[in-house]
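Just so we're on the same page: letters track the sequence lines, and every chain starts at 1. Model, not experiment: these values are computed from the prediction.
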Amino acid sequence: MSLPARRPAQAATTPALVEARDLTRILPAVVPVTLVQDVSFRIGKSEFVAITGPSGSGKSSLLYLLGLLDRPTSGKVFISGARTDDLSPAEMAHMRLEKLGFVFQFHFLLPEFTTLENVMIPMQKLGKLSAGDQLDHATALLADLGLEDFLHRRPAQLSGGQRQRVAVARALANSPDLILADEPTGSLDSVATEQVFDSLRKIVETQKTTVVAVTHDMDLAARMERRIHLVDGRIDWDRQQG
Amino acid sequence: MMLLLRIAATHIRNRMRQTVVSVLGVALGVGFSVAMASLMEGSQRDFTATLIDAIPHVEIVDEQRAPAEQPASTVYDAVAYSGLRPKEDLRGIRNPTEALAALRDWVDGKLAQRLSGQAVLRYSGQDIGMTLTGVDPKRELSVSKIRDDMREGSFEDLGTTANGLVIGDKAAERLGADVGDTVTLTSAGGVAKRFKIVGLFHTGITTSDEGLAYAPLKAVQILLEKPDVINSIAIRLDTIAQAKEVAARAERQLGYKAVSWEEANEGLMEAFFVRNVIMYTVVGAILVVAGFGIFNIVSTIVHEKSRDIAILKSLGFPESDIQQIFVLEGLVIGILGALAGSALGFGLSSYMATIRFEFTQDVEMTHLPIYFSWTHYIIACLLALFSSGIAGYIPARKAARLNPVDIIRGAT
């Protein structure tokens, strides 16, 4: 813990995939709550980053800001070098569709649709692939995650780990540049945790996709390349790990 | 769009019972409106048809729209005058042959000249005031449906019997007269003439059955001391819709007042209009109620599916898509309801068309007049869709505005 706080972990010359610049998010209330305060960092391509911190330190809030699900009170988020604060809600939605993928703590699959359909929905929305290619791509994604036998199951018929892997497959559907995971293993047992963690790491290695995962599992966080630690909404430290 | 429709369909399929109830609500609304509209329009058409059959489509009478100018007013311009006796005016359409010939040139339909006047019918010591109409029987039959109303004797006999007379059955009953009896008619001018009853009619309209009489034109002209004069021309058109134009043109051409059947029954047409307004208000109200059902189910779905909404939003579905999904849900229910309602309405009105009533006074059986028209179905369905669209839109807007972060945070 000897490293100085708020030190950008990468050289400024590397093109940042996602950059936070003085991000502050304050929930307006009678007594305003500061969720995130003056957070700045840059994350490059194919990085595997953990955001850690105690409960209430603003990890998830930071992730929602990076994922354009929420707008900062002040500061800016840049994605692929482009500012996002001037985007309309519809443009932000399109950016989420095209460039971002989410995995939440609870699987958040659409319960009435099968595994395959859940993975195909973002592709259908984006509409870049033909129907046949969508099916092939979704099948391949699910097979990569070891789910080839569960293509036509509903989420309710899957185990927690399987659901979470379907969610990972869905996050990958449109080949995003950045995957944001919010406690992806938070509700899983150790075996399932391992499977999901492996699949995330594989994504970083094979697809050169950046994964940013919020976790309070210190064991997992220790196994990621880089770790950003938050305390009270501020970056306590940010360092590369072996 | 297909994707949104599939999501919408999935949502409502998973709430089958509520969906069915909402669909039924719309269906009942549409069904009853269609049935009601076809009954309303049926009765209106039935009534109009009876009315059109009973009266000429256009009637030219020996009056002017504006009162005749009095000599005094032409001499003393802008001076008020009172107590002057109007100039004697000889009533009647002069030169009837010429007028009829002029009309025949361009009117598509049948024409009949008439001379009507008041006369007192006397038989067996009783007097009845009558409106006596002198007609050319053949022509009269071509413009009116009096033939169908004949109960005894025949209207054509007026053509062969120079002093023939056709009166209503009620009048005959009152007098105790029958076909073949000879009665006396006395005009206001004091001329009396004997007529022989050759036919009795029954129109169902009491004032006509009691007070209307037909006789050959010549005989009436003699009785009323108006030789070669008629006071109205009845026109029966091939196309009823032309009545207004024909009336206007005839009035311009002849200078006499020409009244179309619509004008003659203006009050009735207004009553029909008011009736239709009331009907569509009731129909609208039914469909608004059905709309509440839809609002209810879509709101419930929005509430239940807030998690799915958050998922879709995080996946990159814009607000407009989310809104569309729920508007579609309302519309799908509306469309299903409209289809089912159209079938129901068709069934109901088909059934009503078979119901028969027997009136005690009348021998003939009658059934509910039902008019089948696409317009009823289209109006009812459009209203249903409009109402379901609105009912879906309100919760859909709420859904679109849900903040995914709030839901994801609260999902623990």
Can you tell which part of A:Leu100 gets under 4.5 Å to a heavy atom of chain B, answering side chain, backbone, both or neither?
neither
Give a yes or no on whether B:Phe386 atom CZ has more than 12 heavy-atom contacts from other residues, nucleotides or ligands under 6.0 Å away.
no
Region of B:Leu4 that comes under 4.5 Å of a non-hydrogen atom in chain A:
neither
Of the backbone (N, CA, C, O) and the side chain (C-beta and beyond), which part of A:Glu117 lies under 4.5 Å from a heavy atom of chain B, both, or neither?
side chain
Which heavy atom of B:Gly316 sits nearest to which heavy atom of A:Arg96, and what is that distance?
CA-CB, 4.0 Å
Contacting region of B:Asn14 [heavy-atom separation from chain A under 4.5 Å]:
side chain
Please round to the nearest 0.5 Å and tell me the distance separating atom CG of B:Asp406 and atom CG of A:Asp70.
8.5 Å
Within a strict 4.5 Å, meaning less than it, do heavy atoms of the B:Asp308 and A:Pro111 side chains meet?
yes
Could you report the tightest heavy-atom contact between A:Ile121 and B:Leu312, atom names first, then the distance?
CG2-CD2, 4.4 Å
Do A:Tyr64 and B:Ile408 come close enough that some side-chain heavy atom pair is under 4.5 Å?
yes
Of the non-hydrogen atoms in B:Thr10 and A:Phe113, which two are nearest, and what is the gap between them?
OG1-CZ, 3.3 Å
Which atoms of B:Arg6 approach chain A - backbone, side chain, both or neither, heavy atom under 4.5 Å
both
What residue among A:Met120, A:Lys125, A:Met123 forms side chain to side chain contact (heavy atoms under 4.5 Å, CB included) with B:Leu3?
A:Lys125
Could you tell me which of A:Ser60, A:Ser61, A:Gly186 has the largest number of non-hydrogen atom pairs under 4.5 Å with chain B?
A:Ser61
Do you know which two heavy atoms are closest between A:Leu109 and B:Ile311, and how far apart they sit?
O-CD1, 3.6 Å
Residues, nucleotides or ligands: over 12 heavy atoms within 6.0 Å of B:Phe346 CZ:
no
With a 4.5 Å limit on heavy-atom distance, are the side chains of B:Ser314 and A:Phe108 in contact?
no
